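Note sheet for the following structure.
Treat the numbers as computed from the prediction; the structure is a model and nothing was measured.
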Amino acid sequence: FNPRANIVYTLPEYAHVKVTVYDIRGRVMEVLTNGFESAGYYTINWDASAFASGVYFVEMHSESFRQVRKVIHMK
């Protein structure tokens, strides 16, 4: 992606959700959302123009779900 990415996710029920971006070394680069959300579809527009090109990991974590996706940011 360059330099913005849309992160789309669905919640089946009201839950606490945290979406975090990590660099290749595992350092937290940005927390995109951290709070309780109702059931539904959500889109987060991540503006990575301030970050260097490279591999990043986006983690979505809720009470009963955890997923990590690899993204490549190219300038």
Side-chain angles (χ1 to χ4, degrees):
F1 66 95
N2 185 16
R4 292 185 174 90
N6 288 327
I7 300 165
V8 180
Y9 62 95
T10 304
L11 290 176
E13 60 189 23
Y14 181 77
H16 183 268
V17 176
K18 185 174 183 180
V19 178
T20 309
V21 178
Y22 299 91
D23 67 4
I24 194 75
R25 293 181 171 177
R27 294 179 296 191
V28 174
M29 301 306 291
E30 189 168 0
V31 176
L32 302 176
T33 188
N34 186 13
F36 286 91
E37 296 180 353
S38 300
Y41 294 93
Y42 294 89
T43 301
I44 298 172
N45 187 327
W46 179 38
D47 182 4
S49 59
F51 298 105
S53 295
V55 176
Y56 294 89
F57 296 95
V58 178
E59 176 191 39
M60 183 203 171
H61 186 267
S62 69
E63 296 166 0
S64 61
F65 180 81
R66 180 178 178 264
Q67 185 174 33
V68 178
R69 294 282 177 118
K70 179 174 71 172
V71 296
I72 299 172
H73 173 46
M74 298 182 346
K75 287 188 176 184

Item to check | Side-chain heavy atoms of Leu11 within contact of Met60, under 4.5 Å | outcome: yes
Checklist entry - For Tyr9 and Glu37, does a side-chain donor sit closer than 3.5 Å to a side-chain acceptor? => result yes
Checklist entry - Is there a path from Val8 to Val71 through hydrophobic residues (I, L, V, M, F, W, Y) whose side chains come within less than 4.5 Å of each other? => result no
Checklist entry - Is Thr20 close to His61 at the side-chain level, that is, under 4.5 Å between some pair of heavy atoms? => result no
Next on the checklist: Within the 4.5 Å heavy-atom criterion, are Asn34 and His16 side-chain neighbours or not?
Outcome noted: yes
Item to check | Contact summary for Pro3 and His73, nearest pair of heavy atoms | outcome: CA-CE1, 3.8 Å
Checklist entry - Does Phe51 share a hydrophobic cluster with Ile44, counting links as ILVMFWY side-chain heavy atoms below 4.5 Å and allowing steps through other members? => result yes
Next on the checklist: Could you see if Ile24 belongs to whatever hydrophobic cluster contains Ile72? Use Ile, Leu, Val, Met, Phe, Trp, Tyr and a side-chain cutoff under 4.5 Å.
Outcome noted: yes
Next on the checklist: So, using side-chain hydrogen bond (donor to acceptor under 3.5 Å, both in side chains) as the criterion, who are the partners of Arg25 when residues are at least two apart?
Outcome noted: none
Checklist entry - Are Tyr14 and Val17 connected in the hydrophobic side-chain network, where two residues link if heavy atoms are under 4.5 Å apart? => result no
Checklist entry - Under 4.5 Å between side-chain heavy atoms, hopping through other hydrophobics if needed: is there a path connecting Trp46 to Tyr42? => result yes
Item to check | Check: Val21 and Phe57 side chains under 4.5 Å, non-hydrogen atoms | outcome: no
